[in-house]
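Report on the structure given below.
Reminder, nothing fancy here: chain letters follow the sequence lines and each chain counts from 1. Computed from a predicted structure; not experimentally measured.
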Number of protein chains: 2
Amino acid sequence: METQSTPPHRLAALARLRDAKLRPTKQRLALAKLLFEPGDHHVTAEILFEQAQAAGVKVSLATVYNTLHQFTTAGLLREVVVNSACTYFDTNITGHHHFFFEDSGELIDIDGANVDIRGLPKAPDGARISRVDVIIRLSGQE
Amino acid sequence: METQSTPPHRLAALARLRDAKLRPTKQRLALAKLLFEPGDHHVTAEILFEQAQAAGVKVSLATVYNTLHQFTTAGLLREVVVNSACTYFDTNITGHHHFFFEDSGELIDIDGANVDIRGLPKAPDGARISRVDVIIRLSGQE
DNA sequence: CAACAGTTTAGAATGGTTTTAATTTGTGAA
DNA sequence: TTCACAAATTAAAACCATTCTAAACTGTTG
Ligand SMILES: [Mn+2]
Ligand SMILES: [Mn+2]
Ligand SMILES: [Zn+2]
Ligand SMILES: [Zn+2]
């Protein structure tokens with residue numbers, strides 16, 4: 001009987017959690033898988049909760065919120081603020097910007113590497129820039 | 001006895017309401033005065049409500065919310081989305097951007113005329129850009 | 001003035017998010 | 001493996017900015 005090797009995606013999720021010093025619980029592992037396997041995307045707590053249920057993962061909404069915040073604090077996720085109705089979390093943690101479809105709530109990434117912002121005043125004295133967000137708001141109307 | 005002339009600030013508030021086709025009620029007039037006399041600034045519903053109370057204006061929080069939304073719809077105010085905890089309204093309706101102090105919640109305007117953003121992809125087909133928001137987030141730490 | 005639509009309001013409801021406090025689970029030592 | 005303990009999960013309640021409801025009030029117009 002061969003040694004059962006851990007599948008690579010599980011390894012990746014485990015490694016992420018280990019690096020973030022978060023215990024690899026069933027729930028965190030399952031949520032990490034849902035978040036990081038599909039590639040860059042944006043979720044709300046509610047959406048991730050539904051995806052977990054659809055995938056048969058037994059997890060509470062409170063844990064989804066806890067996990068999203070812990071991952072954000074650990075730098076595995078980023079929060080995107082586009083409206084006050086609900087919080088989006090972004091699995092793309094590189095410097096980038098967003099199109100925001102105001103009608104549907106959909107977000108699309110804009111690579112930050114090509115974007116150049118000129119003419120900004122320097123930050124007020126004693127302040128440190130933690131991030132520059134550019135949000136292009138789109139109305140449905142043609 | 002001379003004719004009592006309407007003071008200019010009251011005239012201005014009246015004119016704004018007339019142009020916006022909103023009835024000049026006591027509450028709207030008082031809120032317009034608090035909003036538009038001091039020059040460009042940013043308020044939340046709660047802040048404006050407190051300012052009204054401090055000024056002895058009898059108005060309910062519900063009316064403050066109603067009025068802020070009506071003024072926004074009429075183009076007299078702009079909403080600024082910087083965090084999901086509460087909604088800011090901006091009396092500066094020209095194209096401009098913001099410094100946002102994440103610690104204090106304070107907003108400072110950045111004149112849009114000097115800012116030039118290059119390298120943005122064009123809007124997806126069928127979409128119309130309703131606004132481009134630039135938010136520079138500042139942490140307290142030096 | 002009267003009549004009526006528009007406005008205000010207190011209080012209830014909403015809904016995304018956080019908190020509570022009890023239970024369960026992961027970990028490291030023995 | 002077992003134990004003990006800290007960490008994590010959870011159902012349920014609480015929170016709180018905002019919106020809704022429906023009854024009272026007010027501005028306008030004739
Ligand atoms: Mn948060
Ligand atoms: Mn609104
Ligand atoms: Zn993104
Ligand atoms: Zn502003």
Sugar-phosphate, base or nothing in reach of Lys58(B), heavy atoms under 4.0 Å: sugar-phosphate
Contact under 4.0 Å: Thr87(B) side-chain N or O vs dA17(D) OP1/OP2: no
Most 5' of Tyr88(B) and Gln70(A) on DNA chain D, judged by nearest nucleotide: Gln70(A)
Candidates dT27(C), dT9(D), dT17(C) - which lies nearest the side chain of Ala45(A): dT17(C)
Side-chain H-bond candidate by donor/acceptor type, His42(A) with Asp90(A), under 3.5 Å: yes
Presence of Lys26(B) side-chain N/O under 4.0 Å of dG27(D) phosphate oxygens OP1/OP2: yes
Side-chain H-bond candidate by donor/acceptor type, Asp109(A) with His98(A), under 3.5 Å: yes
ILVMFWY network linking Leu77(A) to Tyr65(A), side-chain heavy atoms under 4.5 angstrom: yes
Residue met sooner reading DNA chain C from 5', once Ser84(B) and Ser60(B) are mapped to nucleotides: Ser60(B)
Interatomic distance, Lys21(A) NZ vs dA7(D) C1' [rounded to whole Å]: 16 Å
Atom-to-atom span, CD1 of Ile47(B) to C1' of dC16(D) - whole angstrom: 16 Å
Side chain of Gln27(A) - closest among dA6(D), dT7(C), dT10(D): dT10(D)
Spacing of Arg28(A) atom CZ relative to dT10(D) atom P, expressed in whole Å: 11 Å
Selected nucleotide, minimal atom distance to Arg23(B) side chain, candidates dT18(D), dT9(D), dG6(C): dG6(C)
Toward the 5' end of DNA chain D, by each residue's nearest nucleotide, Ala62(B) or Pro24(B): Ala62(B)
Euclidean distance, atom CG of residue Leu61(B) to atom P of dG11(C) [Å, nearest integer]: 14 Å
Tyr65(B) side chain near dT18(D) phosphate (N/O to OP1/OP2, under 4.0 Å): yes
Under-4.0 Å salt bridge between Lys21(A) and Asp19(A): no
Nearest-nucleotide pick for Thr63(A), side chain only, options being dT10(D), dG26(C), dT9(C): dT10(D)
dT17(C) OP1/OP2 closer than 4.0 Å to side-chain N/O of His69(A): no
Between dG16(C) (P) and Phe49(A) (CZ): distance, integer Å: 13 Å
side-chain contact (heavy atoms from CB on, under 4.5 Å) evaluation trace for Gln27(B) with Val59(B): CA-CA 6 Å; Gln27(B) 289 85 351; Val59(B) 64; 3.7 Å; yes
Sugar-phosphate only, base, or nothing, as touched by Thr25(A) at under 4.0 Å among non-hydrogen atoms: sugar-phosphate
Minimum-distance nucleotide to Asn66(A) side chain [options: dA10(C), dT10(D), dG27(D)]: dT10(D)
